[in-house]
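Step one of this worksheet: look at the structure below.
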Amino acid sequence: MEQSEKADYIVVKAHENGVHVIGLTRGQDTRFHHTEKLDKGEVLIAQFTDHTSAIKVRGKATVFTKHGSIDTDV
């Protein structure tokens, strides 16, 4: 199995317009490397990779993972 097939995924469902999903890099310096803007009802499937160590969600949304789901408090 390739590394990408074993990587964790998350699903973000926006509950309002303008939800930002931001990918953060690995390494000594954590930096933004990718940003997506979602509108109400849109869904984004994101994957943790060799370059992505964290994902930040800004705005009203539900984040689904293999561990369960969580709503943002914004």
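I55 and A46 make their closest contact through CD1-CB, 3.7 Å (heavy atoms, listed as atom of the first residue, atom of the second, distance). H33 approaches L24 most closely through the heavy-atom pair CD2-C, 3.7 Å. The minimum heavy-atom distance linking A61 with A14 is given by the pair CB-CA, 4.2 Å.
If you take CG on L38 and NE2 on H15, they are separated by 11.0 Å, rounding to the nearest 0.5 Å. Separating the NZ atom in K60 from the CD atom in E16 is a distance of 6.5 Å, to the nearest 0.5 Å.
Remark: N17 engages no residue in a side-chain hydrogen bond (donor to acceptor under 3.5 Å, both in side chains) (not counting sequence neighbours). For the side-chain hydrogen bond (donor to acceptor under 3.5 Å, both in side chains) test, no residue two or more places apart in sequence or in another chain qualifies with S53. Applying the side-chain contact (heavy atoms from CB on, under 4.5 Å) criterion to H51, with sequence neighbours excluded, gives T49. Scored by the side-chain hydrogen bond (donor to acceptor under 3.5 Å, both in side chains) test, H20 finds no partners at all (sequence neighbours excluded).
Screening V12, I10, V63 against V21 for a side chain to side chain contact (heavy atoms under 4.5 Å, CB included) leaves a single residue, V12.
Judged purely by atom type and a 3.5 angstrom limit, T72 uses its side chain to pair as donor or acceptor with the backbone of G59.
Legend: side-chain hydrogen bond (donor to acceptor under 3.5 Å, both in side chains) pairs involving residues 35-46, not counting sequence neighbours, sorted by first then second residue: H34-E36.
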